[in-house]
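Numbered from 1 within each chain, the chains take letters A, B, ... in sequence-line order. Heavy-atom basis, side chains included; hydrogens, waters and symmetry copies ignored.
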2 protein chains.
Amino acid sequence: MPVTLKDVAERAGVSRSAVSRTFTDGASVSAKMRRKVEKAASELGYSPNALASSLTTGRTKLIGLVSNNFHNPIFLEVFDLFTRGLQDRGLRPLLVNLTNETEPDNSVRMLRQYSVDGVVVASSTLPPAFARAFRDADIPVVHSFGRYSSSPQVHVVGIDNVECGRMAARELVKRGYSRIGFLGGPEQATSTQDRFAGFTEELAKHPELDVSHSYATAYSFEAGRAEMQRLLSEGKPIAEAFFCGDDVLSIGVLSAVQDAGLRVPDDVGLIGLNDMEMAAWENISLTTIRQPIRQIIRSSIELVEATLEEPDRYPEARLFPCSVVERKTLRPAP
Amino acid sequence: MPVTLKDVAERAGVSRSAVSRTFTDGASVSAKMRRKVEKAASELGYSPNALASSLTTGRTKLIGLVSNNFHNPIFLEVFDLFTRGLQDRGLRPLLVNLTNETEPDNSVRMLRQYSVDGVVVASSTLPPAFARAFRDADIPVVHSFGRYSSSPQVHVVGIDNVECGRMAARELVKRGYSRIGFLGGPEQATSTQDRFAGFTEELAKHPELDVSHSYATAYSFEAGRAEMQRLLSEGKPIAEAFFCGDDVLSIGVLSAVQDAGLRVPDDVGLIGLNDMEMAAWENISLTTIRQPIRQIIRSSIELVEATLEEPDRYPEARLFPCSVVERKTLRPAP
DNA sequence: TACCGATTTGCAACCGGTTGCAAAAATGAT
DNA sequence: ATCATTTTTGCAACCGGTTGCAAATCGGTA
C-alpha cells in the first residue's frame, strides 16, 4: 500500500539507485535527474523508509531515552528539553520507562533489537553499572544526572552531588543551626548517597553539632511528606533544620511540617536541591540549591551526538556548578 | 560487528530460515532444531533485529506518542502511564514533542518514515483535524483527551468537556456565588472552548448572575498566575469565584490571589479540573473536577491496539464521567 | 518392507532501501 | 571533430530478516 522507491523509479522512468540518490544528500545526481525524481515522488507522495535505509547505513537516528523517575515534576522539564533537543538534531527519542526495574538487561536487549544509535540514561538514582551495561553492548551511552567518578567508565553529565552535600551543610552551619537533619531520597540512589557523604563530611568539622539522618522511599512529594510525618510522630524533638534530598521532597516535608502546626523557617528550616519551578512559588518559597538542568541536558545531547561519530571516545565526566538560591525556608545568618 | 541470523545459522549448521523460525512463535520447528539453534544463539549472544524483521512483517511495534503539553505536571503522569502501558504490551513509544508546532505535517511525515504501527495524540488542546491527518495517512490513531464529537472521524478517548463546564457552573451556583468568572486555558485549545461553552450554557439559565471570562496563555502555573495578576491590577472588582480551566492554572491563580492578600475561599472561590496529585496537598487543597486519567489512558491503549488489528475499525468516542472533588477552595453551600 | 499423510527443513525470492563498480554520458581542451 | 577527463547513471549485490513452496524426513499402518 505505501509507496516505495520502486514505484517512484518506475514512474520517473529511472533506476532505483537514482531515486535513492536524490534522497541521500551528498550523492551524485544531475539537476535534471533530481527534478524528474522529485516530481514523481511528490506526485506519489513518497517519503523514504527510515528503517529500511538503516539496514544498510547502520544508522537509525533512534536514541533510547531511559529513565526511572516519573514522579518528580522536574522530570517533565527534563523530558521536554531532551525530546526537543534531540528532535532539533534529527534524532528520535525512544522512551523507556524503567519504573520498578533496576536491572539493565531488558532495556539493553530491547534497545539493541531496535538498533538505537545511542542511549541517554536520565536518572540520578541508577548506579554507574547500569549505564555501563550499554557500553558493554557497544551502544554509545551518556548518563545524565549520574554519579560522578574521577575515573568514569561511561560519559557522565551532571553535578557534583558530594559538593552539593557540603554546600548544604555549610549553609546550615552558617545560619547557626545546631540540630541538623538530612532527609534524603531512597537510600540506594547514588545521588542520595553522594549528597549524604558530602553533607556528613562537612559536618564532621563541627563535632559540637547534633546530626541525624533518615530516608524517604522515593523522590516524590508523598514520600517526603510521609517521612516527615513519621519523624514527627515519634515524639522525639526533630532537627532545627533539614537538608532534603530534592525540592519535591522538601515540598512534601514542608506540607507535613505545616500540618503539624509548626512554622517555617521559625520552627523548622529547610533547604532543598534542584530549584524546580514550584520552589519559587510564593506560598512555597523554598531555599534550595540550583541544579543547572538546561545546561546538563544540552551538554548530554552534544556528548551523545559526538559519541555517535566517535564511538571509542574516551569516557568523560562533565560537571556543572550548583549554587544556593536563597528564599524563605531558612532563617538568616545571625 | 553485531551478530546476525546468518552467524547463528552457520554456527548451528542449519539454514537461516530455521533460525528465523525458532525466533518467531507459531512457526514450525522441531524440538531438536530449537535446542540446536538456541544453543548457538546464546553462545553468540544473538538477538533478532526488530527493524529488519519489520520490513517483511510490516509491524514495527513502534507507537508514536505525540504531545504538546510539557508544562502541566499532570502530563508526567500521563507519560508514565502511557509508556508503562505500551511497554507492558510489547509496544515501544516514540515520543514526539510538538511544542510550538500546530501543523501535523511534520509529525505525520516523520512517523511514516519510521513506519510506526500506530499513533496516540495525547493533547487536550489540538483540534480533531490534527489527529485526522494521521488517519488520512493510513496510520491508526487515537486522540486521547481530545474533543468529543457526536460523529468523530478518528477514535477519541477522554471526557465530555462541555458537561464539565456545566458541572462547574452548577457547583458555583449551588454555593450562592453571584459574580462568577471563567479563567480558561489558551483560547484556541479545544478543551478551553468546550468547557467555556458548557459553563456559559448552564449559567444562561441564571440571567441574574454576573458572568465574566478571560484566558491564560497556556495550561501552566505561570500563565494562571500572570492572568490573575492582570485581573487584579485592573482595579476593577474581580469575580467572587472562578472556574479555572485546569488545576495547574488554579494553583497559579491561587498563588496570585494569596499574594494580593486575599483569602481563599473567603474572598475568592476556586474550582479546578483534573484532580492532579498536587491538588490534594494540604497547603493547596483545591476543590476540583476529577478527570479519570488512568481509565482514559488504559482505554486509549486498548483502543489503539485494537485498531492495529483492525485498521478500518469504525471511529469511536469513549467518554468517561467526571465528578466534583470537594476540598477547601469553595465556600460551602448556604 | 512399502506406502501414506503429517511435519520439518532448505531454497530462493522478497521486504525497501544503499552502494561499489563499471559503463555511459557530458564536459572541456586541442 | 577527437580524445581525455569528469560526472552521472544503472547493474547487481547486499543489509538482516521472513515466508511460500517443494523436497526431505518422520511416524504409523497395512
Full working for side chain to side chain donor-acceptor pair (under 3.5 Å) between B:N161 and B:S191: CA-CA 6 Å; B:N161 281 303; B:S191 55; 5.3 Å; no
Between the base of D:dC11 and the side chain of A:S15, is there a donor and acceptor pair under 3.5 angstrom? no
Testing the 3.5 Å rule here: is there a donor-acceptor pair between the side chains of B:N97 and B:T99? yes
Tell me whether the side-chain N or O atoms of B:R21 pair up with the base of C:dT9 as donor and acceptor below 3.5 Å, since no angle test is needed here. no
Using only side-chain N and O atoms of B:T56, determine if any of them is under 4.0 Å from OP1 or OP2 of D:dT18. no
Please table the atom pairs, donor to acceptor, closer than 3.5 Å between any side-chain atom in residues 303-310 of chain B and protein atoms at least two apart or in another chain.
unit_1: B:E305; atom_1: OE1; unit_2: B:R89; atom_2: NE; d: 2.8
unit_1: B:T307; atom_1: OG1; unit_2: B:H155; atom_2: NE2; d: 3.3
unit_1: B:T307; atom_1: OG1; unit_2: B:L303; atom_2: O; d: 2.7

Could you tell me how the ring of B:F145 sits relative to the ring of B:F75: parallel (under 30°), tilted (30 to 60°) or perpendicular (over 60°)? tilted
Spacing of CD belonging to A:Q87 relative to CE belonging to B:M110, to within rounding of 0.5 Å: 8.0 Å
How far does CG of A:L65 sit from CG of B:L95, to the nearest 0.5 angstrom? 8.0 Å
Round to the nearest Å and state the distance from B:R112 atom CZ to C:dG17 atom P. 10 Å
Please determine whether a side-chain nitrogen of the Lys or Arg among A:D80 and A:R84 lies less than 4.0 Å from a carboxylate oxygen of the Asp or Glu. yes
With sugar-phosphate meaning primed atoms plus P, OP1 and OP2, does A:V29 contact a base, only sugar-phosphate, or nothing at under 4.0 Å between heavy atoms? sugar-phosphate
Checking contacts here: which listed nucleotide (D:dA12, D:dT18, C:dC11) is nearest the side-chain heavy atoms of B:S17? C:dC11
Could you state the CZ-C1' distance from A:F23 to C:dG16, rounded to the nearest angstrom? 13 Å
Could you identify which residues of residues 33-51 of chain A place a heavy atom less than 4.0 Å from some atom of DNA chain D, listed by residue number, or say none? A:M33
Measure distances between side-chain N and O atoms of B:R16 and base N and O atoms of D:dG17, and say whether any donor-acceptor pair falls under 3.5 Å. yes
From the options C:dC11, D:dG10, C:dG16, select the nucleotide whose nearest atom is closest to the side chain of A:T4. C:dG16
Would you say the rings of B:F82 and A:F70 are close, in the sense that their centroids are separated by under 6.0 Å? no
Answer with base, sugar-phosphate or nothing: what part of the nucleic acid does A:S54 contact at a heavy-atom distance below 4.0 Å? nothing
If you pin B:K32 and B:L55 to their nearest nucleotides in DNA chain C, which one's is more 5'? B:K32
Nearest-Å distance, NZ (A:K6) to P (C:dC14)? 8 Å
Between B:S30 and B:A52, the residue closer to the 5' end of DNA chain C by nearest nucleotide is B:S30
Roughly, in whole Å, what's the span from CG in A:D7 to C1' in C:dG17? 13 Å
A:S53 vs C:dG17: side-chain N/O to OP1/OP2 distance below 4.0 Å: no
Roughly, in whole Å, what's the span from CG in A:L5 to C1' in C:dT18? 9 Å
Check whether any side-chain nitrogen or oxygen of B:S28 sits under 4.0 Å from OP1 or OP2 of C:dT8, and answer yes or no. yes
Using a heavy-atom cut-off of 4.0 Å across all strands, would you classify A:S20 as base, sugar-phosphate, or nothing? base
